Asks: 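Could you have a look at this structure, given as structure tokens, before my questions?
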Amino acid sequence: MGKFFLGLFCVIALAAFGIANASEKKREIGIFELKRGDLSVKFTNWGATIVSVLVPDKHGKLDDIVLGYDSIREYQNDTTYFGAIVGRVANRISGAKFTLNGVLYKLIANEGNNTLHGGTRGFSDVVWKVTKYQKSGSSPQIVFSYRSFDGEEGFPGDLLVTANYTLIANNQLKLTMKAKALNKPTPVNLAQHTYWNLGGHNSGDILSHRLQIFGSRITVVDNYLIPTGKLESVKGTPYDFLKPRKVGSRINKLPKGYDMNYALDHGTGEEKVKKAAVVYDEKSGRTLEVLTNAPGVQLYTGNYIKDVKGKGGFVYQAHAALCLETQGYPDAVNHPNFPSTIVTSKKPYNHIMLFKFSAK
């Protein structure tokens, strides 16, 4: 009887996966552009991904300041999450499992024994539906949506997710990520995984970029980058970016580079957004400000990029860019002292990011 029910479960799961795949194949995968003033941003509905961001430098010269590829097929084969929205739960989940309301959920492990960025087929590896596309006007925008099915990568419940990218002002890009649990409580922690190089995607490394992070504590991790549950001050450590300083100034004190979640000092709020980080590149004069209502931001300096062929044939190496992924705390499902990432029908998910670009 045990084998019968296990076999039946597998058939049902495969059928659901097949239906989802068939539905996705009917959707066309394309490139979409929003433009306002000097700011131009391109996207693909594969992973609701930012493909390019063109902004002027201090001399008015336009450059693409995000890492990426020339073709959609390369995004489909990507292992770096260039520009994608990752989920259902971004970052790492210890042991690829968690308990919710007394039920143990086992997930797909895709980084050793742990789950990273939603599993082997997270939200970065699916076709999102384009529900709105307004290229012109005072607020050009594109809205992507994805319906995640109960049991996808092991997560409970059906989930409806939307990602709304809007150019709200000159040189400002707003992203609003929402999710609604349709029938079961479930963890949700979405992150935007764009790799930024303010000198241009093909300008080399970002070690000379000056970075400030408005977080005075980090969620301490073990050797597998899994949080221990403790929060510690950054003062006196290589993680201290409370005042602007070069990314590379202390990077040699770390084994590979930065891959750490900062607990932001502004706390949380459903609508209010406050500064999470500011990045400045002296050579180009470009500045990027990142604001959010999320409680944390993950700093990642592309430590494991090696010989990745990107746009125009340029080959990216380690530290070719940095990611500033605003998010809930990693592995929050296994740490009751962390801000909850559980979403219910009465408590939907609402994550706002604002990117402000300038040059001087």
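Everything numeric here is computed off the predicted structure, so don't read it as measured data.
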Asks: Do you see a donor-acceptor pair shorter than 3.5 Å between the side chains of Asn110 and Thr120?
Replies: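 No.
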
Asks: Over 60° means perpendicular and under 30° means parallel, so tell me whether Tyr146 and Trp128 are parallel, tilted or perpendicular.
Replies: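 Judged by the thresholds at 30° and 60°, the geometry between Tyr146 and Trp128 is tilted.
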
Asks: Return the OG1 to NE2 distance between Thr301 and His209, rounded to the nearest 0.5 Å.
Replies: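 The NE2 atom of His209 is 12.0 Å from OG1 of Thr301, to the nearest 0.5 Å.
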
Asks: Kindly write out the residues that satisfy salt bridge (charged side-chain N to carboxylate O under 4.0 Å, His left out) with Arg36, not counting sequence neighbours, or none if the list is empty.
Replies: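 For Arg36, no residue satisfies salt bridge (charged side-chain N to carboxylate O under 4.0 Å, His left out) once neighbours in sequence are set aside.
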
Asks: According to salt bridge (Lys or Arg N to Asp or Glu O under 4.0 Å), does anything in residues 50-65 pair up with another residue at least two apart or in another chain? List the pairs.
Replies: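 Every pair satisfying salt bridge (Lys or Arg N to Asp or Glu O under 4.0 Å) with a residue in residues 50-65: Lys61-Asp63, Asp63-Arg286, Asp64-Lys311.
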
Asks: In this structure, is the centre-to-centre distance between the rings of Tyr105 and Phe155 below 6.0 Å?
Replies: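 Between Phe155 and Tyr105, the centre distance exceeds or equals 6.0 Å.
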
Asks: Tell me, with the steps shown, if Thr287 and Val278 meet side chain to side chain contact (heavy atoms under 4.5 Å, CB included).
Replies: CA-CA 7 Å; Thr287 295; Val278 179; 3.8 Å; yes

Asks: Give a yes-or-no answer on whether the side chains of Thr162 and Asn164 include a donor-acceptor pair shorter than 3.5 Å.
Replies: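 No - no donor-acceptor pair under 3.5 Å links their side chains.
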
Asks: Step by step, work out the ring-ring contact (aromatic ring centres under 6.0 Å, His included) result for Tyr258 and Tyr300.
Replies: CA-CA 5 Å; Tyr258 292 95; Tyr300 176 56; over 10 Å; no

Asks: Measure the spacing between OH of Tyr165 and CD1 of Ile142 and express it to the nearest 0.5 Å.
Replies: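 Reported to 0.5 Å precision, the distance equals 9.5 Å.
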
Asks: How far apart are the C-alpha atoms of Gln327 and Asn189, what are their side-chain angles, what is the distance that settles it, and do they pass the side chain to side chain contact (heavy atoms under 4.5 Å, CB included) test?
Replies: CA-CA 6 Å; Gln327 58 176 0; Asn189 185 21; 3.6 Å; yes

Asks: Do His193 and Tyr195 come close enough that some side-chain heavy atom pair is under 4.5 Å?
Replies: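 A side-chain contact exists here, since the closest heavy-atom pair is under 4.5 Å.
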
Asks: Under 3.5 Å, is there a donor-acceptor pair between the Asp205 and Gln317 side chains?
Replies: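 No pair is found: no donor N or O on one side chain lies under 3.5 Å from an acceptor on the other.
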
Asks: Is the shortest side-chain heavy-atom distance between Lys180 and Lys178 below 4.5 Å?
Replies: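 No. Closest side-chain heavy atoms not under 4.5 Å.
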
Asks: Does the side chain of Arg88 come within less than 4.5 Å of Leu159's, by heavy atoms?
Replies: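 Yes, their side chains come closer than 4.5 Å.
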
Asks: Could you walk me through whether Phe357 and Trp196 satisfy the ring-ring contact (aromatic ring centres under 6.0 Å, His included) test, starting with their C-alpha distance in whole Å, then the side-chain angles of each, then the deciding distance to 0.1 Å, before giving a yes or no?
Replies: CA-CA 12 Å; Phe357 306 97; Trp196 303 98; 5.8 Å; yes

Asks: How about Ile85 and Met177: do any of their side-chain heavy atoms sit closer than 4.5 Å?
Replies: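 Yes, side chains in contact.
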
Asks: With sequence neighbours left out, write down each residue that passes side-chain contact (heavy atoms from CB on, under 4.5 Å) with Lys106, or none if nothing qualifies.
Replies: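 Only Leu104 meet the side-chain contact (heavy atoms from CB on, under 4.5 Å) criterion with Lys106.
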
Asks: Compute the centroid of each ring, for Tyr239 and then for Phe241, and state whether the two points are separated by less than 6.0 Å.
Replies: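 They do not qualify: ring centres at least 6.0 Å apart.
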
Asks: Distance check, rounded to the nearest 0.5 Å: Ile305 atom CD1 versus His319 atom NE2?
Replies: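 Nearest 0.5 Å value for the CD1-NE2 distance: 9.5 Å.
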
Asks: Under the criterion side chain to side chain contact (heavy atoms under 4.5 Å, CB included), which of Thr44, Thr49, Val308 is the partner of Tyr69?
Replies: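 Looking at Thr44, Thr49, Val308, the match for Tyr69 under the side chain to side chain contact (heavy atoms under 4.5 Å, CB included) is Val308.
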
Asks: Looking at Tyr349 and His351, what are the two nearest heavy atoms and their distance?
Replies: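 In this case the closest contact between Tyr349 and His351 is OH-ND1, 2.9 Å.
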
Asks: Within this structure, what is the CD1-CG distance for the pair Ile93 and Leu116, rounded to the nearest 0.5 Å?
Replies: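 The CG atom of Leu116 is 9.5 Å from CD1 of Ile93, to the nearest 0.5 Å.
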
Asks: Using a strict 4.0 Å threshold on nitrogen-to-oxygen distance, state whether Glu289 and Lys275 make a salt bridge.
Replies: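 Salt bridge flag = yes for Lys275 with Glu289.
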
Asks: Going by distance alone, is a donor N or O of one side chain under 3.5 Å from an acceptor N or O of the other, for Asp222 and Thr228?
Replies: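 No pair is found: no donor N or O on one side chain lies under 3.5 Å from an acceptor on the other.
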
Asks: Less than 4.0 angstrom from a charged side-chain N to a carboxylate O is my criterion; do Arg210 and Glu282 meet it?
Replies: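 Looking at Glu282 together with Arg210, the answer is no, because their closest N to O distance does not fall below 4.0 Å.
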
Asks: Does the ring-ring contact (aromatic ring centres under 6.0 Å, His included) test come out yes or no for Tyr81 and His117, once each step is laid out?
Replies: CA-CA 9 Å; Tyr81 306 96; His117 293 332; 4.7 Å; yes

Asks: Does this structure show an ion pair linking Arg92 with Asp259, if we count only N-O contacts that are shorter than 4.0 Å?
Replies: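 So Arg92 pairs with Asp259 through a salt bridge.
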
Asks: Run Gln141 and Ser139 through side-chain hydrogen bond (donor to acceptor under 3.5 Å, both in side chains) and show every step you take.
Replies: CA-CA 6 Å; Gln141 66 175 304; Ser139 299; over 6 Å; no

Asks: Under a 4.0 Å threshold between the charged nitrogen and the carboxylate oxygen, would Glu152 count as salt-bridged to Arg121?
Replies: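 Salt bridge: yes.
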
Asks: Please report the interatomic distance NZ(Lys184) to CD1(Ile342), rounded to the nearest 0.5 Å.
Replies: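 Nearest 0.5 Å value for the NZ-CD1 distance: 13.5 Å.
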
Asks: Would you kindly say whether Thr326 and Gln192 are connected by a side-chain donor-acceptor distance under 3.5 Å?
Replies: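 Not at all, the side chains of Thr326 and Gln192 share no donor-acceptor pair under 3.5 Å.
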
